[in-house]
Amino acid sequence: YNYAYPESLKTLRAEYEAHPETALFIDLHRDAWIEGSTRARAADVGGVSCAQIQFVIGVGTDEVPIPHWKQNYEIAARLTQRLEELAPGITRPVRSVAAKYNQFVAPGCILVEIGHNQNTLAEAENSMKYLAEAIADLLS
């Protein structure tokens, strides 16, 4: 766990250097369920249980500013809007955090949380088709 971000940073930097034209870099996670939470465990999309999707955008820290964080936030907001058009209730609001999440490397770096540790694999997989469609729409 303590080495996850330093290790992923190596990969991200290498990919960005090799492909600087890339419009979107996704750091994929799952959230942690907090006992006593009042949020829904899953979203019902047309009778199918789907893990909720949330985008987390780092706005930087004093030590590591992210000058393009607003651009990353706009991407997350557009994806959230499109996801809600495709599958109402599937998203949670975009969250901005005073953190870096390796998003300082390039514009278009976003963190995506697909559900949480109480969701089933099937619920996470059910959500991915909507996320894929929203990303395809954003990039087209």
Report summary line: When every non-hydrogen atom of Gly108 is compared with those of Asn72, the smallest separation belongs to N-OD1, 2.7 Å

Query - side chain to side chain contact (heavy atoms under 4.5 Å, CB included) against Glu84, all qualifying residues, sequence neighbours excluded - result: Pro88, Ile90, Thr91

Which donor-acceptor pairs under 3.5 Å do side chains of residues 59-71 form with protein atoms, sequence neighbours excluded?
residue	atom	partner	partner atom	Å
Thr61	OG1	Glu63	N	3.4
Thr61	OG1	Val64	N	2.9
His68	NE2	Gln103	O	2.8
His68	NE2	Ala106	O	3.0

Requested in this report: For Glu85, enumerate each residue passing the salt bridge (Lys or Arg N to Asp or Glu O under 4.0 Å) test, keeping only those at least two apart in sequence or located in another chain.
Outcome: Arg82

Requested in this report: Grab the two heavy atoms, one from Asn126 and one from Ser49, that are nearest each other, plus how far apart they are.
Outcome: ND2-O, 2.8 Å

Query raised in the report: Using links of under 4.5 Å between side-chain heavy atoms of ILVMFWY residues, direct or through other members, which residues join Val97 in one cluster?
Result: Tyr5, Val56, Tyr101, Leu111

**Report entry** Hphob cluster co-occupancy, Leu121 + Val112, side-chain heavy atoms under 4.5 angstrom
**Finding:** no

Query raised in the report: Is there a side-chain contact between Ile110 and Leu79, using heavy atoms and a 4.5 Å cut-off?
Result: yes

Query - CA sep, side-chain torsions, deciding dist, call: Ile114, His29, side-chain contact (heavy atoms from CB on, under 4.5 Å) - result: CA-CA 6 Å; Ile114 306 295; His29 290 248; over 6 Å; no

Query raised in the report: Which atoms form the tightest heavy-atom contact between Ala32 and Asn117, and what is the distance?
Result: CA-OD1, 3.2 Å

Requested in this report: Please identify each residue that fulfils ring pair (Phe, Tyr, Trp, His ring centres under 6.0 Å) with His116, with sequence neighbours left out.
Outcome: Trp33

Query raised in the report: Leu28 and Tyr3: same hydrophobic cluster, using ILVMFWY side-chain contacts below 4.5 Å?
Result: no

Query raised in the report: Would Phe104 and Leu9 count as a side-chain contact (heavy atoms from CB on, under 4.5 Å) if you check the C-alpha gap in whole Å, the side-chain angles of each, and the deciding distance to 0.1 Å?
Result: CA-CA 10 Å; Phe104 58 89; Leu9 179 59; 3.9 Å; yes

Requested in this report: With sequence neighbours excluded, give me every ring pair (Phe, Tyr, Trp, His ring centres under 6.0 Å) pair touching residues 36-56.
Outcome: none

Query raised in the report: Are Leu138 and Val94 joined in one hydrophobic group, where the rule is that I, L, V, M, F, W and Y side chains link up if heavy atoms are under 4.5 Å apart?
Result: yes

Using residues 127-136 as the side-chain source, report each donor-acceptor pair under 3.5 Å to any protein atom, sequence neighbours left out, with the distance given to one decimal.
residue	atom	partner	partner atom	Å
Ser127	OG	Ala51	N	2.9
Ser127	OG	Ala51	O	2.5
Ser127	OG	Glu123	O	3.2

Query raised in the report: Which residue pairs pass the salt bridge (charged side-chain N to carboxylate O under 4.0 Å, His left out) test with at least one member in residues 91-108, sequence neighbours excluded?
Result: Asp31-Arg92

Query raised in the report: By side chain to side chain donor-acceptor pair (under 3.5 Å), which residues pair with Asn102, not counting sequence neighbours?
Result: Ser8

Report summary line: Contacts satisfying salt bridge (charged side-chain N to carboxylate O under 4.0 Å, His left out) that involve residues 10-28 (not counting sequence neighbours) are Glu7-Lys10

Query raised in the report: Heavy-atom distance under 4.5 Å between the side chains of Leu12 and Phe25, does that happen here?
Result: yes

